[in-house]
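Everything on this sheet refers to the single structure shown next.
Numbers restart at 1 for each chain; the letters A, B, ... are given by sequence-line order, proteins then strands.
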Number of protein chains: 2
Amino acid sequence: MQLTRKTEYAVRTLLELVSRPWGELVQTCEIAETKDIPEPFLNKTIRDLARAGFVETRRGKMGGVRLIKPGDSFTMADVVETIEGPLAINPCLRDSYSCINKSSCSVRQFLMESQARFVEHLNSKTFAELIGQDCEK
Amino acid sequence: MQLTRKTEYAVRTLLELVSRPWGELVQTCEIAETKDIPEPFLNKTIRDLARAGFVETRRGKMGGVRLIKPGDSFTMADVVETIEGPLAINPCLRDSYSCINKSSCSVRQFLMESQARFVEHLNSKTFAELIGQDCEK
DNA sequence: TTAATTAAGATTAATAAGGTCTTTTTTATC
DNA sequence: GATAAAAAAGACCTTATTAATCTTAATTAA
């Protein structure tokens with residue numbers, strides 16, 4: 001019952017990018033260093049963020065990564081779902097889960113609401129709003 | 001980011017016991033069968049519930065398990081914490097986690113609140129209240 | 001005494017998470 | 001062009017966690 005480290009790394013990366021001037025290109029090795037993330041793993045994480053439209057990358061000499069989604073246009077929930085896929089705090093909340101009682105089960109309904117409260121809060125602040133101090137290391 | 005199957009099994013077991021007359025002793029093989037839980041795994045789960053004071057077991061012929069905590073005195077959050085230990089949706093929310101910024105980190109603070117909303121909802125209904133229809137299989 | 005039942009915990013199997021490595025492609029610069 | 005620096009892609013490996021099984025012991029009713 002925990003977010004993955006990959007999500008944590010994605011969050012750190014986006015915090016770093018949001019805190020920089022818009023449009024700035026940053027080398028991944030620099031992010032890896034300052035945010036204490038294993039570089040090859042960070043590369044994969046950044047690829048996920050790129051595919052999802054948060055950042056764009058530039059290869060070759062002087063390459064790097066830059067934000068293309070404004071920091072006030074996405075939330076923690078967006079990042080979590082980008083990295084981990086649709087949230088389901090219990091197997092029975094997955095679309096693919098089959099159970100005779102699925103639709104009528106009061107426990108499932110209850111867990112669905114619990115999850116909704118959680119996601120609701122994750123959506124209550126944009127990344128731009130989150131940045132006051134940020135969490136390194 | 002998901003509750004474990006063991007928690008799911010504990011929940012099913014408690015739902016079964018809460019729905020029965022107070023004091024009734026039920027054989028674990030019966031619960032395993034009706035709730036579709038691998039029996040040896042259920043035994044371990046029941047041991048956890050016994051150690052935490054939810055149920056009491058009785059060995060030998062005519063043995064079984066019975067509820068000793070009234071269904072209106074515990075919630076989903078209690079069961080989750082019993083089976084999985086203290087909830088922490090992100091590593092930085094664990095007591096043991098060390099980070100220079102731990103106390104001042106706004107992201108950590110935010111996640112802590114998100115978790116609190118979740119737990120608050122898990123605590124909003126007792127097991128007795130949850131039982132209207134229950135979720136088998 | 002016997003058979004039925006749970007306790008305890010060692011062991012194994014399956015899955016997922018976390019991380020590394022190698023090769024390829026792209027790009028700026030000489 | 002040639003070269004070096006950077007990210008892309010994905011195969012691969014390692015470790016941790018989860019899930020399940022199995023064996024032996026203890027307990028209890030009959």
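- Grouping the Ile, Leu, Val, Met, Phe, Trp and Tyr side chains by contacts below 4.5 angstrom, directly or via other members, places A:L67 apart from A:M62.
- Taking atom CD of A:Q27 as the reference point, atom C1' of D:dA4 lies 13 Å away to the nearest angstrom.
- What separates CZ of A:R58 from C1' of D:dA7 is a distance of 12 Å, to the nearest Å.
- In the 5' to 3' direction, nucleotides of DNA chain C lying under 4.0 Å from heavy atoms of chain A begin and end at C:dG18 to C:dA28.
- Considering B:R58, B:E24, B:E56 as possible partners of B:R66, the one that fulfils the side-chain contact (heavy atoms from CB on, under 4.5 Å) test is B:E56.
- Partners of A:A116 by side chain to side chain contact (heavy atoms under 4.5 Å, CB included), not counting sequence neighbours: none found.
- If B:V65 and A:M62 are placed on DNA chain C by their nearest nucleotide, the residue sitting closer to the 5' end is B:V65.
- Note: CG (A:D48) to C1' (D:dA8) measures 12 Å, nearest angstrom.
- Within the structure, every pair that satisfies the side-chain hydrogen bond (donor to acceptor under 3.5 Å, both in side chains) test and touches residues 37-46 of chain A, not counting sequence neighbours, is listed here: A:T28-A:N43.
- Taking B:N123 as the reference, B:T75 meet the side-chain hydrogen bond (donor to acceptor under 3.5 Å, both in side chains) condition, with sequence neighbours excluded.
- Contacts of B:F110 classified as ring pair (Phe, Tyr, Trp, His ring centres under 6.0 Å), with partners at least two apart in sequence or in another chain: A:H121.
- In this structure, A:E33 places its CD atom where only 12 or fewer heavy-atom neighbours from other residues, nucleotides or ligands lie under 6.0 Å away.
- Atom CZ in A:R66 sits about 16 Å away from atom P in D:dA6, given to the nearest Å.
- Only one option out of B:R12, B:K6, B:R5 pairs with B:E8 in a salt bridge (charged side-chain N to carboxylate O under 4.0 Å, His left out); it is B:R12.
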* To do: Classify every nucleotide of nucleotides 11-23 of chain D by which part a protein heavy atom approaches to under 4.0 Å, writing B for the base, S for the sugar-phosphate alone and - for neither, in 5'-to-3' order.
  => B-------SBBB-
